[in-house]
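Report on one structure; see the data block that follows.
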Amino acid sequence: MNNGGRTSLVLGALAVIFTGIFAAFLADLPGRPAPRPLIPLVDKSFLSTATVRISYSDLVKAKEDLSDFDCYGCHQKSKPPVLTFDENQKLIVPKAHRDIVMGHGSHGRNNNCFNCHNENNLLVLQPRDGRDLKFSESTLLCGSCHGPTFRDWEAGVHGRTSGYWNRDLGAIDRKDCVNCHDPHSPKFPSRAPAPGPHSLHESTAAPAAH
Amino acid sequence: MSQTTPTAPDGDVTRRSFLRTSAVLATGLAAVAASLKPLFEMDDLPSAEQFMQKYYREMTPADMAVVLKRISNEVEKQYGIRPHVKDYKPMDGVEFVYALNLTRCIGCRKCVHACVGENNQSRNPEIQYIRVLKMPHGTFDLDKGDHNYAPESVPEKGFFYMPVQCQQCHNPPCVKVCPVHATWQETDGITVIDYDWCIGCRYCEAACPYWARRFNFAKPSIPKDRLNPEMSYLGNRPRKKGVMEKCHFCIQRTRAGRYPACVEVCPVGARKFGNILDPNSEVSKILSTKRVFMQLKEDVGTNPRFFYYFDV
């Protein structure tokens, strides 16, 4: 019965192994989780609550330059502007107004400046019922044709809302039609989307489309 | 062999056997201790004060004042900004409802990031409460939805966009499964989470049919200059690792009478929010006059307070 030597051997080997494990852990040999890939912070423009356009009322409120709305700086009061059309009866936009894209209504049905502007007084707008409306009242002009949408807008259902839902605690902030829609081309413009979600794990590649 | 190891009489320990046994024990213990090294590097252990904190619904206003002070101190220590942490209570006669106009949504994801900014979600790893699904026209099969779309510009032809977030159900499965009652439905309809009571078991995440709950797998990271200092206890105060979070209709805004951040940032006005008990609110008007509206996964019986509708 002489296994004392073997016991020593086994215990010695164990001690060596344990020391090895100790050293391995101290030296972080099992490794740490790889650092997560950097996710760039989203551009602050995506956090902006500003509307896509600025309305005439905004310009007045902000005391901005209103010279663009001074029609009789160029036009003459006594001479209503003359419209010209091409062979397809499409309005030819005069050079001085080349920033205007005529795109109101499908099939070019709304193809005449004086459907909304008053040719005898360019400083006002005119709905079909003959009223004169200031530029700051453009919402009423839009509403004169777009009745259901105007009704929705009045109820807060169409269009942007911000401020307070609880009117006892603060005011609701509603925007004009022209804060989002270009009156000459009202379809809401397409825009670049904000970045999509990043997965928890390293692969940032988008999975295959379904 | 003639050599013999000196042996003591039965039961006694010789110097040699003692030494060799203790050498093995010592190296073994050292190995175990070294393997636990990451534990000693933990720096987000709860303070004694937090550990002994009472359950939210048992706290007196005085208890809450102490807790809010502790949270303010913790936030200031970590971010160097003194926050305004409050505990907003539900208002009487108010039940919140959300309505989202699928005809208007263009899928720009501004709501996603406004929410992250308002509610102090972790930026890396990324936690977002709102998932915008790009869906082909003609179906509501969510399996056909894609949330990783990245075209040059949106909307794309042939698709509509459906943002999904917590639906604030009348019958929330997430609340039923919570083993510690760390999440519950408040009287104004918001299902809230007490981040100090959550044990991180993720049962609620599994129970939610809308994939609305998010888990903090790692310590959240928020850049100091993007921290929103207007905080609420049940809402957007910074979370810690290992707890759940989700959309809470921006408690810190809505219980102060304001609109949620996602409503204010939506460029097309597709998002509508208000008090359904007020017949003049936008959401009342929508639910009573708009032609079509639906609740997502109506068939599972959760009865969401989140409605999708269409302009027709």
Side-chain angles (χ1 to χ4, degrees), chain A residues 2 4-5 7-8 11-12 14-26 28 30 32 36-39 41-42 46-49 51-52 149 152 155-166 168-170 175 180 188 190-200 206-207 209-210, chain B residues 1 4-5 7 20-21 23-24 27-28 30-31 34-35 37 91 106-110 112-114 116-117 123-126 128 131 143-144 146-155 217-218 223 226 254 256-259 263-269 272-275 281-282 285-286 289-290:
Chain A
N2 179 15
T7 310
S8 289
L11 291 181
L14 268 182
V16 170
I17 291 170
F18 283 151
T19 312
I21 293 174
F22 171 75
F25 273 120
L26 269 198
D28 270 338
R32 293 294 173 98
R36 283 186 298 275
L38 209 70
I39 299 176
L41 285 177
V42 69
F46 290 117
L47 307 177
S48 159
T49 55
T51 51
V52 291
T149 311
D152 280 355
V157 173
H158 179 100
R160 294 180 44 138
T161 36
S162 46
Y164 286 78
W165 63 264
N166 188 328
D168 300 337
L169 294 173
K175 304 292 179 195
C180 300
F188 192 84
S190 64
R191 50 164 62 217
H198 297 81
S199 73
L200 185 64
H210 293 287
Chain B
M1 292 215 205
T4 52
T5 319
T7 46
R20 67 190 183 191
T21 313
V24 171
T27 50
S35 74
K37 195 170 84 168
M91 296 179 191
I106 56 168
C108 68
R109 291 203 190 98
K110 279 186 79 170
V112 176
H113 295 283
V116 169
R123 309 304 204 275
N124 191 6
E126 200 174 61
Q128 297 174 342
R131 219 18 87 93
D143 283 349
K144 295 204 168 70
D146 168 22
H147 60 226
N148 287 305
Y149 62 89
E152 293 261 296
S153 70
V154 284
F217 281 98
R226 299 249 176 148
T254 52
R258 297 170 66 200
Y259 284 105
V263 169
E264 291 205 334
V265 82
C266 180
V268 295
K272 296 288 164 188
F273 176 87
N275 177 11
S281 67
E282 298 102 284
K285 290 261 166 60
I286 289 167
T289 62
K290 283 292 169 184

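No hydrogens, no waters, no symmetry mates; every other heavy atom, side chains included, goes into these values. All chains are named by letter (A, B, ...) in the order of the sequence lines, taking the proteins before the strands, and each is independently numbered beginning at 1.
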Picking from [options], which has the most non-hydrogen pairs under 4.5 angstrom with chain A?
options                      : result
B/Ala23, B/Ser153, B/Gly269  : B/Ser153
B/Tyr149, B/Phe217, B/Tyr259 : B/Tyr259
B/Gly107, B/Pro155, B/Gly28  : B/Gly28
B/Gly274, B/Pro267, B/Ser281 : B/Pro267
B/Val263, B/Asn124, B/Val24  : B/Asn124
B/Gly117, B/Cys266, B/Ala114 : B/Cys266

Between [X] and chain A, which part of the residue has a heavy atom less than 4.5 Å away: side chain, backbone, both or neither?
X        : result
B/Pro151 : both
B/Thr254 : both
B/Lys272 : side chain
B/Ser35  : both

Give the member of [options] that has the highest number of heavy-atom pairs under 4.5 Å with chain B.
options                                : result
A/Cys180, A/Ala192, A/Gly159, A/Gly163 : A/Gly163
A/Leu38, A/Asp28, A/Thr149             : A/Asp28
A/Ile21, A/Thr49, A/Ile17, A/Thr19     : A/Thr49
A/Ala15, A/Pro195, A/Ala23, A/Pro193   : A/Pro193

Closest contact, heavy atoms only, [X] versus [Y]:
X        : Y        : result
B/Arg20  : A/Thr7   : NH2-CG2, 3.8 Å
A/Ser162 : B/Glu264 : CB-OE2, 3.3 Å
A/Arg36  : B/Ala218 : NH1-CB, 3.4 Å
B/Ala31  : A/Phe25  : O-CD1, 3.9 Å
B/Gly257 : A/Leu169 : CA-CD1, 3.7 Å

Handout entry: B/Lys110 side-chain N/O to A/Ala194 backbone N/O, donor-acceptor pair under 3.5 Å
Key = no

Output the distance between atom [atom1] ([X]) and atom [atom2] ([Y]), rounded to the nearest 0.5 Å.
X        : Y        : atom1 : atom2 : answer
A/Leu14  : B/Thr27  : CG    : OG1   : 7.5 Å
A/Asp168 : B/Met91  : CG    : CE    : 9.0 Å
B/Glu126 : A/Ile39  : CD    : CD1   : 4.5 Å
B/Gln128 : A/His198 : CD    : NE2   : 8.5 Å
A/Ser190 : B/Glu152 : OG    : CD    : 10.0 Å
A/Asn166 : B/Arg258 : CG    : CZ    : 13.0 Å

Exercise for the section: Show your reasoning for whether side-chain contact (heavy atoms from CB on, under 4.5 Å) applies to A/Leu47 and B/Arg226. Expected result: CA-CA 11 Å; A/Leu47 307 177; B/Arg226 299 249 176 148; 4.0 Å; yes

Practice task
State which residues pass salt bridge (Lys or Arg N to Asp or Glu O under 4.0 Å) with B/Lys285; sequence neighbours excluded, sorted by chain then number.
Solution key: none

Fill in the blank from the handout: So, the part of A/Thr161 with a heavy atom under 4.5 Å from chain B: the answer is both

Practice task
Examine whether an atom of A/Asp152 lies under 4.5 Å from a heavy atom of chain B, and if so say whether it belongs to the side chain, the backbone or both; otherwise answer neither.
Solution key: side chain

Practice task
Report the C-alpha separation of B/Val268 and A/Arg191 in whole Å, then their side-chain angles, then the decisive distance to 0.1 Å, and conclude whether the side-chain contact (heavy atoms from CB on, under 4.5 Å) test is met.
Solution key: CA-CA 11 Å; B/Val268 295; A/Arg191 50 164 62 217; over 6 Å; no

